[in-house]
Amino acid sequence: MMVDKSTVKEEALKRIKITKTAHSRLGEVDFNNLAFGKTYTDHMLVADFDGKEWKNAEILPFQNLSVSPSNAAWHYGQAIFEGIKAYKDPQGNPMIFRPYDNYKRLNLSAERMGMVEVPEWLFVGGLDLMIDLDRDWIPTNEGSSLYLRPFMIAADEYIGVRPSETYKFMIINSPSGPYFNQPIKLLVQDKFVRAFPGGVGFAKAAGNYGGTMYPTMQAKKQGYDQILWVDGFEHKYLQECGTMNVFAIIGNTAITPDLSQGTILEGVTRSSVMEVLKDMGLTVEERPISIDEIAAAYKAGTLREVFGTGTAASVAYVEELDYKDLQIRMDSTKYEIGAEVIRRLDAIRTGRAADTRHWNYLVGR
Ligand code: COI
């Protein structure tokens, strides 16, 4: 249950100790050449769940942790995370894009992984205090933003297999450029599978990413950027890319795989893009979509665009899509719909367009 923003903020201020860095590293950062996820802001947030309550919440200078080799997360993978972005409006005020959606999703992931719930004062309130403190780290160059990474890991020092009783919640933030610098090539995977119904595919669990490393490495050796995962039964219904959800524009309809099987992450960018597409007059359908349907539309000349959406990736144009003998080649320089989605979304996120859906969380107010 979500409570009033000022109450959350008050609670955060009461319960989170703030220790500021004496030596900011801000001057060392080249904001014109930001890669994704390589540089971290001056501060991080750490809090401990001791089996009964969240305590020791602190924002402190970014530093390494000391962790026991018997840490349960390392052995059995109780580890979940979120990705969120912060921007500045034209007056320089920091804003976080839809943090409540990520807050809810983290707790959904926590439930599925048998982990403890994170309270709103710690997640949303913690983000607010951190971004307020590290506001000068928010890049303003086009395509750049401050990428926020809240995460939680098991903290028990125990190698018996059972849900951990203690947990650590943390937030680290990274000024980042685009995740992909150019249109991408996707391999539709027909052998390896990312998620099955009843599994953990809908959760933002670290293991979901770990399991994709080997097949993705193989795909990269063949020149692809990512894998487009399909269902494990018929190997033809699209799921997601692992770091992104996927959209196909066929005629005047935008189609994205539905969430009913529990195999796909419910992307916050996915939901934002669906709304923006509707604003643009497209019909949006969340439903099963097969690679055969994509192939048929491609052959009929009605497949207009394919793109991925994600917090890190934003909107990533797909220019190649291969499945067995099928080769789809798209000219992404002609993607007018994807380009308009990016324009509209960026304008909202940076306060240059009306935020009619109240997606932006204003920091420090
Ligand atoms: C995100 O888009 O935030 C993700 O988590 C994808 C990836 C960087 C792991």
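As the structure lists them, so they are numbered: ligands from 1, and atoms in each ligand from 1. These numbers were taken from a predicted model, which means no experiment stands behind them.
- With sequence neighbours excluded, the residues that form a side-chain contact (heavy atoms from CB on, under 4.5 Å) with K221 are Q218.
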Distances under 3.5 Å, N/O of ligand 1 against N/O of the protein: list each pair and its distance.
residue: ligand 1; atom: 2 (O); partner: T311; partner atom: N; Å: 3.3
residue: ligand 1; atom: 2 (O); partner: A312; partner atom: N; Å: 2.8
residue: ligand 1; atom: 3 (O); partner: Y147; partner atom: OH; Å: 2.5
residue: ligand 1; atom: 5 (O); partner: Y147; partner atom: OH; Å: 3.4
residue: ligand 1; atom: 5 (O); partner: K204; partner atom: NZ; Å: 2.7

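- Note: Y103 and F123 have tilted aromatic rings, judged against thresholds of 30 and 60 degrees for the angle between ring planes.
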Donor-acceptor pairs under 3.5 angstrom involving side-chain atoms of residues 309-316: please list them, not counting sequence neighbours.
residue: T311; atom: OG1; partner: G83; partner atom: O; Å: 3.4
residue: S314; atom: OG; partner: R349; partner atom: NH2; Å: 3.0

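- Tested against V306, the residues V246, I249, I184 include a single side chain to side chain contact (heavy atoms under 4.5 Å, CB included) partner, V246.
- You'll find the ring centres of F180 and Y317 outside the 6.0 Å limit.
- Here salt bridge (Lys or Arg N to Asp or Glu O under 4.0 Å) pairs that include residues 77-94, with residues two or more places apart or in two chains, are E82-R105.
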